[in-house]
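In what follows, a single structure is set out as C-alpha cells and then discussed.
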Amino acid sequence: MWRRIRTNRGVQVALGTTFAYYFKAVAYTTRFVVEPADIYARIEENLPLIMTFWHGQHFLTPFVMKPHHKAKVLISRHADAEINAIAAEKLGVGTIRGSGATSPRDFHRKGGVSATYALIDTLAEGINVAMTADVPKIARHVGKGVVVVARHSGRPIVPIAMATSNRITLKSWDKASLNLPFSRGAAVAAAPIWVPRDADDAAIEAARLLVQRRLEAATARAEALVGRGSAPALVDGKAPGEAAR
C-alpha cells in the first residue's frame, strides 16, 4: 500500500511539511555544541563550499547554517526522497535532484550526470551545496562524487558530522538516525579539503581517502560530545593521526 500512497502528491506534501516542523522542534529543544567554536569565521572566506555528511545523519544540518548561507542539497529522484525534498524546501534549503551510484549505468539512470553539472553550476553562482559522501547502499564509504564536484568547481569540501544524545536508529541500509527532542547535540566540522583541477586518478583517490578519514573523525567526535563514545577533538580540523604527521 505504501508504494501507492508515496506517489500521492498530497500525502508527500503533508509528510514533508510535518517532518520540517518536527525537525524544527528537535533543533529548538536541543542544546548544541559546535566544534571548532569559531567555525563560522573560518569558513566565511571559503564560501561557497561543499558540505558533506553521511547518509542518514543529515536531518539537522539545515540548522547549522547561518541565515545568509544560501544552500542547495542533493536529494535522490526516488519517490520516497520526494518527502525529504519537500521538507528541505520548507526549511529554506533548495534542492538538486539526482544521486550517485556504484555503476556507470545506474549513475546515468539516477540522474547523477545532470546533478553533478547542477551542483557545479550552483557553486559557480555563489551558493553552497550539500551532499552525502557515501553512495546509496554502501554506507559510511566515501564515493568519488563529492571529490569530482570539488575538482571541477574549484570549491572546498567541508566534512560535517552531527549527533544527538536522544535518537532512534532506523532499520534502514544507512542506519539513519531519527533525532529526538530535548537532547544534547553536537556539530563537528573538519578542515576544508581542496582538490586541484588537474588532479589525476591517484590524486582523486587520495582526496577521497582524506574525506573518509576526516568525516570518520568528525563523526566519532560528535558522538563523544553527546556522551556516546570517546574521541579526541580534531586538531585544526584534521583527524588525530593526520594532525600528528
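Summarising the geometry of Pro181 relative to Tyr22, their closest heavy-atom pair is CD-OH, 3.7 Å, with the distance given to 0.1 Å. Ala71 approaches Met51 most closely through the heavy-atom pair CB-CE, 4.1 Å. For the pair Asn46 and Pro192, the tightest heavy-atom approach, listed with the atom from each and the gap, is ND2-CG, 3.7 Å. Closest approach of Leu234 and Ala217 over heavy atoms only: CD1-O, 3.7 Å. Looking at every heavy atom in both residues, Val149 comes nearest to Ser153 through O-OG, 2.7 Å. Contact detail for Lys175 and Gln57: the closest heavy-atom pair is O-NE2, 3.4 Å.
Under a hydrophobic-cluster definition in which Ile, Leu, Val, Met, Phe, Trp and Tyr are linked whenever side-chain heavy atoms come within less than 4.5 Å, directly or via other members, Leu74 and Ile127 are assigned to different clusters. Both Phe23 and Val93 belong to a common hydrophobic cluster when Ile, Leu, Val, Met, Phe, Trp and Tyr are linked at side-chain heavy-atom distances under 4.5 angstrom. Hydrophobic clustering of Ile, Leu, Val, Met, Phe, Trp and Tyr side chains at less than 4.5 Å, counting indirect connections, keeps Val188 apart from Val34. No continuous path of ILVMFWY side-chain contacts below 4.5 Å connects Leu49 to Val148, so the two sit in separate hydrophobic clusters. Under the 4.5 Å side-chain heavy-atom criterion for ILVMFWY residues, no single connected hydrophobic cluster contains both Val226 and Leu215.
Put simply, the residue from Val211, Val147, Leu210, Val146 that forms a side chain to side chain contact (heavy atoms under 4.5 Å, CB included) with Val195 is Val147.
Summarising the hydrophobic clusters (Ile, Leu, Val, Met, Phe, Trp, Tyr; side-chain heavy atoms under 4.5 Å, direct or chained), the residues clustered with Val13 are Ile86.
A donor atom on one side chain and an acceptor atom on the other are found under 3.5 Å apart for Thr95 and Glu89.
Among residues two or more places apart in sequence or in another chain, the ring-ring contact (aromatic ring centres under 6.0 Å, His included) test is passed with Phe63 by none. Not counting sequence neighbours, Thr61 has no partner by the side-chain hydrogen bond (donor to acceptor under 3.5 Å, both in side chains) test. Partners of Arg208 by salt bridge (charged side-chain N to carboxylate O under 4.0 Å, His left out), not counting sequence neighbours, listed by chain and number: Glu205. Ser230 pairs by the side-chain hydrogen bond (donor to acceptor under 3.5 Å, both in side chains) definition with nothing, not counting sequence neighbours. The salt bridge (charged side-chain N to carboxylate O under 4.0 Å, His left out) test applied to Glu216 returns no partner, not counting sequence neighbours.
Remark: side-chain polar atoms of Asp134 are not paired, donor with acceptor, to backbone N or O of Val142 under 3.5 angstrom. At least one donor-acceptor pair closer than 3.5 Å links the side chain of Thr52 to the backbone N or O of Ala133. A donor-acceptor contact shorter than 3.5 Å links the side chain of Glu242 to the backbone of Ala239. Panel note: side chain Asp236, backbone Lys238; no donor-acceptor pair is recorded below 3.5 Å. A donor-acceptor pair under 3.5 Å is formed between the side chain of Arg151 and the backbone N or O of Arg197.
Atoms CG and CZ, on Leu123 and Arg155 in that order, are 7.5 Å from each other to the nearest 0.5 Å. Summarising the geometry, atom CG belonging to Asn84 is positioned 6.0 Å from atom CD1 belonging to Ile75; distances are rounded to the nearest 0.5 Å. Leu119 CG to Ile50 CD1: the interatomic distance, rounded to the nearest 0.5 Å, is 8.0 Å. Thr18 contributes atom OG1, which lies 10.0 Å from atom CD1 of Ile83 (distance to the nearest 0.5 angstrom). A distance of 5.5 Å separates CG of Leu178 from CG of Leu180, quoted to the nearest 0.5 Å.
Judged as a ring-ring contact (aromatic ring centres under 6.0 Å, His included), the pairs with a partner in residues 27-56 (not counting sequence neighbours) are, in order, Phe53-His58, His55-Trp173. Within the structure, the salt bridge (charged side-chain N to carboxylate O under 4.0 Å, His left out) test picks out the following pairs touching residues 40-69 (sequence neighbours left out): Asp38-Arg42. Sequence neighbours left out, not one pair with a member in residues 191-226 passes ring-ring contact (aromatic ring centres under 6.0 Å, His included). Applying the ring-ring contact (aromatic ring centres under 6.0 Å, His included) test to every pair with at least one member in residues 210-235, sequence neighbours left out, gives no pairs at all. Screening residues 114-163 for ring-ring contact (aromatic ring centres under 6.0 Å, His included) gives no qualifying pairs among residues at least two apart or on separate chains.
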Can you give the donor-acceptor pairs under 3.5 Å from side chains of residues 157-169 to other protein atoms, not counting sequence neighbours?
residue : atom : partner : partner atom : Å
Thr164  : OG1  : Asn166  : O            : 3.1
Thr164  : OG1  : Asn179  : ND2          : 2.9
Ser165  : OG   : Arg184  : N            : 2.9
Asn166  : ND2  : Phe182  : O            : 3.0
Asn166  : ND2  : Ser183  : OG           : 3.4
Arg167  : NH1  : Thr164  : O            : 3.0
Arg167  : NH1  : Glu223  : OE1          : 3.2
Arg167  : NH2  : Glu223  : OE1          : 3.0
Arg167  : NH2  : Glu223  : OE2          : 3.0

Mind running side-chain contact (heavy atoms from CB on, under 4.5 Å) on Ile120 and Thr116 for me, showing each step along the way? CA-CA 6 Å; Ile120 295 169; Thr116 298; 4.0 Å; yes

Would Thr122 and Ile96 count as a side-chain contact (heavy atoms from CB on, under 4.5 Å) here? Give the steps. CA-CA 9 Å; Thr122 298; Ile96 295 171; 3.5 Å; yes

